[in-house]
Protein chains: 2
Amino acid sequence: MPTLEDVARRAGVSTATVSKVLSNTPYFTEATRNKVLLAVKEIGYVPNLAARALSSGRTQIIAVVFPYVYDAIFADPRILCVLEGIDAECNLRGYNLLISTPRLIEGSVDENYLQLIQSGYLDGVIALNHVPFASILDPVIKKGIPAVSIGGPPSVCSVSSDHHAGGVLIMEHLLELGHQRIGIITVPDSINTGTEQLLQGIQDAAQAGGLDFNSLPKAVGDYSTASGADCAAQLLQQHPDLTALLCLNDRMAMGALQEAHRLGLRVPEQLTITGYDDIPAAATTVPPLTTINQRSLTTGYEASRMLFELLNGQKPESKIIPVELVVRGSSAPPARR
Amino acid sequence: MPTLEDVARRAGVSTATVSKVLSNTPYFTEATRNKVLLAVKEIGYVPNLAARALSSGRTQIIAVVFPYVYDAIFADPRILCVLEGIDAECNLRGYNLLISTPRLIEGSVDENYLQLIQSGYLDGVIALNHVPFASILDPVIKKGIPAVSIGGPPSVCSVSSDHHAGGVLIMEHLLELGHQRIGIITVPDSINTGTEQLLQGIQDAAQAGGLDFNSLPKAVGDYSTASGADCAAQLLQQHPDLTALLCLNDRMAMGALQEAHRLGLRVPEQLTITGYDDIPAAATTVPPLTTINQRSLTTGYEASRMLFELLNGQKPESKIIPVELVVRGSSAPPARR
DNA sequence: AAGCAATAGTTAAACGCTTAACTCTATACC
DNA sequence: GGTATAGAGTTAAGCGTTTAACTATTGCTT
């Protein structure tokens with residue numbers, strides 16, 4: 001492979017000149033610039049990134065980190081949308097995307113991940129920081145690598161969804177439709193930093209609507225479709241008079257939908273079911289899900305932008321991405337009885 | 001950050017010794033080995049990957065390449081499963097995963113991608129090579145980087161699903177149920193290298209069952225759920241006597257399901273619908289989809305394994321991953337009339 | 001005419017690691 | 001006793017860039 005020196009020899013200049021011309025340093029005549037560029041073209045020179053990295057300390061690599069908590073982390077469509085937003089930005093700026101999925105062992109991350117962070121291979125890190133107990137970003141910050149957190153605590157630069165507003169929106173929607181007997185399909189407390197805010201939003205809206213949140217029946221799932229079905233079964237058996245199920249994510253809502261179908265309950269005529277996240281599949285269930293859209297693409301995009309600002313030495317503000325109520329076919333006024 | 005030299009000084013040996021001990025080169029006494037290891041621990045030394053890469057020519061980075069053909073490539077759950085398989089293997093062996101999504105412009109890849117390939121940053125490449133017209137792997141092979149192709153032509157090391165068998169399985173299933181009036185929801189010719197084999201399998205099974213494949217009504221979608229709904233509408237309008245819709249992927253099948261529901265057709269009692277891929281969502285539709293599972297996780301896993309064999313100087317055989325018929329609730333014998 | 005700034009380019013050290021080639025025992029063999 | 005040989009470690013030359021420090025030329029002030 002041709003090196004800087006080959007280019008320099010061919011162009012009749014020094015390697016420093018070539019290097020500087022290629023990085024757009026000023027103070028070169030058009031003639032020199034062209035000579036160099038021509039030589040580059042002619043011999044098909046491409047810079048060696050490892051050498052550049054060693055010399056300059058910058059690698060052009062951004063790591064996207066999402067801890068491996070549940071089994072199939074890659075199966076979460078939300079993560080993928082975020083990734084797509086990040087990828088688009090990085091591609092534009094010529095950065096490469098490395099993905100790291102640290103295994104969490106008893107609350108601390110694995111050795112591989114630690115080594116990667118310390119290795120000097122990363123210019124920046126974007127972490128899907130939804131795991132409160134494991135401090136994915138700690139080693140990153142200690143090492144002084146620019147980092148932005150998605151959905152994490154605002155201690156560092158972060159971009160998160162306005163889950164409180166999401167909770168309010170979905171609960172208000174149910175109340176406006178006239179629902180009062182609402183079952184909640186939730187998840188274990190604080191498995192996810194966003195969940196608290198979401199629940200708080202739901203509670204606030206309930207309160208505002210004159211409904212006692214604490215007395216609403218609840219079932220605890222684990223985000224999976226199967227658990228959604230189980231929870232729905234359990235709630236509907238214990239409280240046959242429920243007119244709506246509010247689910248904390250779309251996958252569980254899809255499970256609830258399945259269960260309703262199995263029980264012969266028509267949705268939304270006899271039972272309203274709502275989700276949260278607006279994953280692609282939510283639009284294609286029968287009936288399609290009423291849910292909250294988190295603008296995952298935007299989230300990814302904003303996270304990248306913030307990271308690049310950090311890389312430019314700026315100090316961007318943490319950002320909260322607004323959410324949006326998406327009303328589809330799975331919600332309707334409760335049946336009169 | 002501490003360097004090799006710091007470790008060497010502290011352990012009272014040369015940098016060469018440290019380097020060799022850390023890479024498990026033989027011919028060192030336990031004493032020396034321990035001295036070095038201790039020093040490493042004490043000062044918290046972590047090797048600088050860029051320096052290592054420059055010096056050794058190996059970066060410990062594997063790129064997973066999937067071209068950006070349709071808009072939301074990351075939305076394809078199949079890709080994610082494959083990625084998960086790859087990630088698991090790479091994680092195990094201490095390799096890092098870089099993802100590259102080259103933009104295809106008029107059949108050729110973008111400059112960024114080309115530069116990345118030539119940059120010496122990659123030890124190996126795994127390409128989701130489902131795009132026949134763009135030779136994603138050409139520059140990789142020209143550069144001499146070990147590469148394996150998923151679903152691509154067997155010109156290089158490749159791992160692909162047995163789509164022919166998949167086609168046979170799904171068609172046989174329909175025939176065994178007693179369907180004869182089958183509509184096919186397909187995609188444009190050879191947009192995907194696997195599709196041909198799949199269609200061939202369907203055709204062969206039809207033939208074997210005494211059905212003329214060419215006379216079966218067909219509609220052309222684009223893999224999306226929406227297009228599946230459109231195709232279903234079109235087919236059912238023109239051929240109201242169809243008892244089954246065979247869809248070339250799950251997303252289109254889900255669209256067909258929606259459309260059937262809209263038309264008031266009960267699935268599977270009045271209309272059988274089958275998919276292909278077995279994406280996670282396929283198990284949670286109402287009714288759940290009968291489909292073909294491609295073992296995407298295994299595919300990813302095998303691809304990594306082959307790549308590591310290549311990296312070890314071996315010459316692995318291309319592999320064909322068997323597929324599996326998954327019978328769920330969306331298929332049943334045709335209604336008697 | 002001297003001094004200075006701006007322009008245009010060069011030299012060479014440094015980045016942190018790997019590894020081929022080498023040295024220096026200590027043991028084994030004939 | 002001389003010569004291989006294997007073991008244990010060192011020396012130093014790269015790997016291909018970037019970049020601080022330097023030189024040299026030109027044009028402009030004063």
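As the structure is a computational prediction, the values presented were derived from the model and not from experiment.
- Between A:Ser56 and D:dT19, a side-chain N or O to OP1/OP2 separation shorter than 4.0 Å is absent.
- Neither side chain, B:Ser296 nor B:Thr299, offers a donor N or O lying under 3.5 Å from an acceptor on the other.
- Rounding to the nearest 0.5 angstrom, the gap separating the CE atom in B:Met306 from the OG atom in B:Ser149 is 8.5 Å.
- The main-chain N or O of A:Ile321 is never found under 3.5 Å from a side-chain atom of A:Asp162 such that the two would form a donor-acceptor pair.
- For B:Thr32, taking side-chain heavy atoms from C-beta onward, the closest of the listed nucleotides D:dA8, C:dG9, C:dG16 is D:dA8.
- Under 4.0 angstrom from either OP1 or OP2 of D:dG7 there lies no side-chain N or O belonging to B:Thr29.
- One interatomic measurement links the two molecules: CG of B:Asn24 to P of D:dA8, which rounds to 15 Å at whole-angstrom precision.
- Nucleic acid contact for B:Pro26: none, since no nucleic acid atom lies under 4.0 Å from a heavy atom of the residue.
- Across the protein-nucleic acid pair, A:Arg52 atom CZ and C:dG16 atom C1' stand 18 Å apart, rounded to whole Å.
- Counting atom types as modelled, B:Ser55 pairs a side-chain N or O with a base atom of D:dG14 as donor and acceptor under 3.5 Å.
- Rounding to whole angstrom units, OH of residue B:Tyr27 and C1' of C:dT27 are separated by 14 Å.
- Atom CD in A:Glu30 sits about 15 Å away from atom C1' in C:dG9, given to the nearest Å.
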### Task
Begin with the C-alpha distance, continue with both residues' side-chain angles, and end with the deciding distance and a verdict on side chain to side chain contact (heavy atoms under 4.5 Å, CB included) for A:Asp6 and A:Arg9.
CA-CA 5 Å; A:Asp6 299 329; A:Arg9 201 180 354 258; 3.1 Å; yes

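- If you check the side chains of A:Ser161 and A:Gln294, you find a donor sitting under 3.5 Å from an acceptor.
- Of all nucleotides listed (D:dG9, D:dT17, C:dG16), C:dG16 comes nearest to the side chain of A:Leu54.
- Taking every heavy atom of both residues into account, A:Ala50 and B:Tyr121 meet most closely at N-CE1, 3.8 Å.
- Listed by residue number, A:Val13, A:Ser14, A:Ala16, A:Thr17, A:Lys20 are the residues of residues 3-22 of chain A with a heavy-atom contact under 4.0 Å to DNA chain C.
- Within the structure, every side-chain polar atom (N or O) of A:Tyr121 is placed at least 4.0 Å from both OP1 and OP2 of C:dG16.
- Annotation: ring pair (Phe, Tyr, Trp, His ring centres under 6.0 Å) contacts of A:Tyr301 (sequence neighbours excluded): none.
- Atom pair B:Asn48:CG and D:dG16:P shows a separation of 17 Å (rounding to whole Å applied).
- Heavy atoms of B:Arg58 sit under 4.0 angstrom from primed sugar atoms or phosphate atoms, though from no base atom.
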